[in-house]
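Chain letters run A, B, ... following the sequence lines, proteins first, then strands; residues in each count from 1.
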Amino acid sequence: MWDPWLSIRQHIVRELALRLGAHGYPESADALERQLDDAPSGVADFGYATHRAAKSVGTPPERLATELAADFPLGGGLARVTSEGAYVNFHADTPRLIESTLELVFARGPEYGRGPPRTEKVCVEHTSANPTGPFHVGRVRNGVIGDTMARILRAAGYPVTTEYYVDDMGRQSAMITWIWSMPVDQWPPEVREGARPPEGVSAATEKADHWYGRPYRSVSELLKKDPLAAQQVGELVRQVESGNSPARHREIGEAVLKGMLASLARIGIRFDEFVWESTLVQDGSVGRVIERLRKAPHATVEENGALALDARGYGLPKENATIVVTRGDGTSLYPTRDVAYHLQKFSRFARVIDVLGQDHQLHARTLVAMLTEVGEARRPEFLIYQDITVPEGGRMSTRKGKAVNLDDLLDEAVERAHAEVLKRREDLSEDQVTEIAQHVGAGAVRFHVLRIAPDKPVKFRWEEALSFEGRSGPFLQYSYARAASILRKASREAPPYPFEATALTTHEETELVRAIGRLPGTVAYVSRTSHVHTVATYAFGLAEAFNRFYQSVPVLRAEEPAKSSRLALVAATRQTLGNTLDLLGVERLERM
RNA sequence: GGGCGUGUGGCCUAGUCUGGAUAGGGCAUCGGGUUCCUAACCCGAGGGUCGGGGGUUCGAAUCCCCCCACGCCCGCCA
């Protein structure tokens, strides 16, 4: 037993199938499961629209609804069946629902919401940004979505590994090594000018991603008009590919990555594994992929010796009907190396999920075409999200100078949170205030990115990202803290929580129980659909239900048995909201 | 030009996969609520051609077709 709504749904669907069958309308329980709607709130728990069945049977829908409701068998947590117009309405046995929901929450504790264990190993690869400089806000959507998806899949019962694919082989990371391989005072003037650190900032005082990343944009500009510099960078790429990369290359890459990961850690994103692209070249996997592609059905060789694939027939855009596998000098390209990486992932995992920005959509299809060409039938599942754009238009880009640094956003969020905490709480120590502010700021930013469907483009606006009110991370944290506070004052911070289901009778109480009961279904839904934002929507609804309860129903000042029962309800809310916050990667706060 | 995605009150958004009851929320605006468990909260009000047009259906924000607008991609970059 892991979902308090499951038995009642199953009962309804099973009996409905039987009764509709008796009316001459055969429909499987599975099909009916999909047709069973949530009834409008206040009307009932579930509703079934009879129009379709009625039409097929030749009975007026209203009559069919009346007939079905009249002698529908109760039980399984179903207390009452009514009809309204063409709808059959199913009402749960509320005391029984309260009992099964709260008991389940207390029995499972931190495990509440999780599904039955599964054995298929899943890999969620996300973020995988080049180690060339600090994260901007546009990039973190990938990490937030990927990290949350991984948390949800774990909750759904899968063994999950998160991976960061570190691209240390491309031109972009070579650019950083190239510029830092010479003393700063010998840098080309335009680079030195463009990369000048602000007053008082040095390598010792600044995070490595910010420090090493500073010249990135200027170098990128320089390479467009300086063939000699471009040639030197190209030479470096060849060195890396042949395994003779300067030690500095890996050192800088690791330093920059470390700085980047520190930023992600601030919003709860961590990785299980890192796969450095260069290792795939050095262990020969990329070479083997190139050899297999050379013998592939549609392999061709371009005039300058570049190996390519004639990809017509793969549904790629016309101009892109050729996939280039190696450069003229024989060095590999990113899609080719990514094939090697995917073959490796397939050997380690049953399911491979790639979180990709929409700008990688074509890459995804290229990758699939190349996998076909090497005779690999397995496919990654792509979780595609739209970009975060800048209000003036266009997506964030460090190179174009249109980007907001994640660290800057977080610093600002934490600063504002600090001011808010100070305003509200005079009793806390400076350390407590600082800690709360960090989690509130981080929670606001992470939730802001998470609350919107991945399919939707997001326009970045400071005021929205920094909102602590309404549908926000801090609202959830505040709700959790309120629940924690009541339990603390009652000295009831741990089980057991005895309760009497019949003592919980107000609309606010029963709605809160219903919300608590919806977590397992939400987890199952998201693990199936990858609609990670649904967890954010759920969390908000739960917190809202709790705040309404809090407002209208006294707990500590109530008489028994209401008092104990309400304390149990508060404890169940704290557990459920806490488990949900864990899924969202938003820190729980016992006080704020 | 082709491919993918998006379009829901002033702004942001859920619902779209699997069609079903008066399209839910948040921000902003206006009006209320704290001698009482944390007002980062709660209650109420106004505000909607669900981008436009056709179609399918008993029924369309949801499915199909056409069109419009916006974003991204269409490198021997990643």
Among [options], which is the nearest nucleotide to the side chain of [X]?
{"X": "A:K456", "options": "B:C72, B:U13, B:U18", "answer": "B:U13"}
{"X": "A:Q361", "options": "B:C42, B:C4, B:A14", "answer": "B:C4"}
{"X": "A:P457", "options": "B:G19, B:U6, B:C76", "answer": "B:U6"}
{"X": "A:K489", "options": "B:U38, B:G71, B:C11", "answer": "B:U38"}
{"X": "A:R528", "options": "B:C11, B:U18, B:G19", "answer": "B:U18"}
{"X": "A:N304", "options": "B:C37, B:C76, B:C73", "answer": "B:C76"}
{"X": "A:I452", "options": "B:U13, B:G20, B:C72", "answer": "B:U13"}

Handout entry: Whole-Å distance separating the CD atom of A:Q358 from the P atom of B:G7
Key = 13 Å

Practice task
Could you state the atom-to-atom distance from CG of A:L316 to P of B:G2 in whole Å?
Solution key: 17 Å

Practice task
Could you pull out all residues at least two apart from A:E221 that satisfy side chain to side chain contact (heavy atoms under 4.5 Å, CB included)?
Solution key: A:K224

Completion exercise
Applying side chain to side chain contact (heavy atoms under 4.5 Å, CB included) to A:D338 and not counting sequence neighbours gives A:Y165, A:Y334, A:Y341, A:H342, A:H363, A:L367

Handout entry: Per-pair stack call A:H51 and B:G59, 5.5 Å, 30°
Key = no

Practice task
Taking side-chain hydrogen bond (donor to acceptor under 3.5 Å, both in side chains) as the test, write out the residues that go with A:Y48, two or more places apart.
Solution key: none

Exercise for the section: With sequence neighbours excluded, tell me which residues meet side-chain hydrogen bond (donor to acceptor under 3.5 Å, both in side chains) with A:Q551. Expected result: none

Filtered N/O pairs between nucleotides 21-23 of chain B and protein, under 3.5 Å:
| from | atom 1 | to | atom 2 | distance (Å) |
| --- | --- | --- | --- | --- |
| B:A21 | O4' | A:Y87 | OH | 3.2 |
| B:A21 | N6 | A:N89 | OD1 | 2.8 |
| B:A21 | N1 | A:N89 | OD1 | 2.8 |
| B:A21 | N1 | A:N89 | ND2 | 3.3 |

Practice task
Establish, for the pair A:R482 and A:Y550, whether the NZ or CZ atom is under 6.0 angstrom from the six-membered ring centre and no further than 45 degrees off its axis.
Solution key: yes

Problem - Touch class at under 4.0 angstrom, heavy-atom based, for A:R365 against every strand present - result: sugar-phosphate

Handout entry: Nucleotide-resolved protein contact map, nucleotides 25-35 of chain B, B/S/- at heavy-atom distance under 4.0 Å
Key = SSS-----B--

Exercise for the section: Ignoring backbone atoms, test whether A:K563 places a side-chain nitrogen or oxygen under 4.0 Å from the OP1 or OP2 oxygen of B:C37. Expected result: no

Exercise for the section: Check whether any side-chain nitrogen or oxygen of A:R171 sits under 4.0 Å from OP1 or OP2 of B:C77, and answer yes or no. Expected result: yes

Handout entry: Base B:C36 to side chain A:R557, donor-acceptor N/O within 3.5 Å cut-off
Key = yes

